[in-house]
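See structure below.
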2 protein chains.
Amino acid sequence: MVERAADLIDADGSAALSLAALAGAFGVRTPSLYNHVGGLDDLRGALRLRGLEMLEQRLQRAAVGRAGRDALVAVAGAYRDFAHEHPGLYGLTLGAGGGESDTVRDAEAAGAAAARLVEVVLSVLRGYRLEGEDALHATRALRASLHGFVALESAGAFGLKLDLDVSFERLIDLHHRSLAERSSRG
Amino acid sequence: MVERAADLIDADGSAALSLAALAGAFGVRTPSLYNHVGGLDDLRGALRLRGLEMLEQRLQRAAVGRAGRDALVAVAGAYRDFAHEHPGLYGLTLGAGGGESDTVRDAEAAGAAAARLVEVVLSVLRGYRLEGEDALHATRALRASLHGFVALESAGAFGLKLDLDVSFERLIDLHHRSLAERSSRG
DNA sequence: GTTATAGCCTAATCCTCTTAGTTCGTCAAG
DNA sequence: CTTGACGAACTAAGAGGATTAGGCTATAAC
């Protein structure tokens, strides 16, 4: 159910998520969906959770067995790939944190998934021997750059024909060098 | 008209923009709005244009008379301030580039405003003696970081209590150092 | 003074989400 | 085998929101 909804949203954009469309995909009348989900907001909450969990899992996998620059590049690449493959899910993942009226369980689980996600990034930074507040600020900086890049990319906000892969590479390299420098100084 | 809509969207969030609410704010019935605007999509297009123009103007003002690090910090701060003061407008500004069916004029004007916006950032980078593709990649990196930061900030995605101003400062500093280094090497 | 236009209105249509109440089939307990 | 509970579908109905069509009035242009 949530899977089908995820397919819909990834294929046709976040605005295309409607109970009517979802019911159609199941060959069922709209009100019948209320036997399985609390409503549209609820469904969004479930999708958000799903997105966070998938993203976290991908980053985790990308990070395992790597350290330093390798880990950074792998995790960043995994992040961007996820956003490309699941634009709808990715969009919801960021949407208003505790938004409205998700199922309480979903909201809690989403918070936990988000925390694990930050954990993964932190673990990458640990490879640079960063700890404490420095690591937290660096995590924020990295998340901001990653999210900003894929968001602008998805929105088509990068007008020029300049190679996006190169831009992304450089952005990550920028972080790498800053982290390496900070690390060698500490 | 568009101004009132902008107030609405900044006060109550992007989802609260409805023709009904706008008509209410004017003490008028919903269909009457069609004498002034082509429809909801059209209104969004006009708002997007307005947001881009305001943002561009602010960055422009922040950059004038400054160079190098000063200019970078001022422009970045102006960017973040705008997003804080006009969260609704800012959100639309990024929304799908040529989205759907804006008025053609608006779409063109929005493209032009976006181009001018990039121009401002490029002019800041020129203070670092960056030119050509390097400058374009750096512009993308900077835009990505700025947008990502304010977007995550607005979404409440930065969970921890850690001071956001400090995080932002460090992010900008990161770009500054990278630019300065690149500049001294070139 | 007549006409054109701008801008408002009501009425009506079409969507979407949502709730309430009903029906039907399955499955376990007696 | 009967019966009762439960899950999951349905129809009916209502509340909003966008949009179109057609009609009324006032003001500005000739």
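Proteins get letters first, then strands, A, B, ... in listed order; numbering begins at 1 in each.
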Residue pair [X] / [Y], side-chain heavy-atom distance below 4.5 Å:
X      : Y      : answer
A:L160 : B:R140 : yes
B:L171 : A:S145 : yes
B:L146 : B:L142 : yes

* Does anyone know the first and last nucleotide of DNA chain C in reach of chain B, 5' to 3', at under 4.0 angstrom to a heavy atom? ->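 Endpoints of the contacted stretch of DNA chain C: C:dG7 to C:dA11.
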Check: Using a cut-off of 4.0 Å on non-hydrogen atoms, how would the nucleic acid contact of A:S18 be classed: base, sugar-phosphate, or nothing?
Finding: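 Contact class for A:S18: sugar-phosphate only.
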- Report yes or no: do B:H84 and B:Y90 form a side-chain donor-acceptor pair below 3.5 Å?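 The answer is no; no qualifying pair exists.
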Any chain of hydrophobic side-chain contacts (each under 4.5 Å) joining B:F26 to B:L17?
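Both belong to a single hydrophobic cluster.
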### Query
In terms of ring plane angle, is the pair B:F149 and B:F158 parallel, tilted or perpendicular, where the classes change at 30° and 60°?
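The arrangement is tilted - the two ring planes meet at 30° to 60°.
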Discussion item. Which residues pass the salt bridge (Lys or Arg N to Asp or Glu O under 4.0 Å) test with B:R4, not counting sequence neighbours?
Written reply: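 For B:R4 there are no salt bridge (Lys or Arg N to Asp or Glu O under 4.0 Å) partners, ignoring immediate neighbours.
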Report task. Please check if the distance between the ring centroids of B:H147 and B:Y79 is under 6.0 Å. Result ->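 No, too far apart.
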Hey, where on DNA chain D does chain A first and last touch, going 5' to 3'? Cut-off is any atom under 4.0 Å from a heavy atom.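 On DNA chain D, the outermost contacted nucleotides are D:dA8 to D:dA12.
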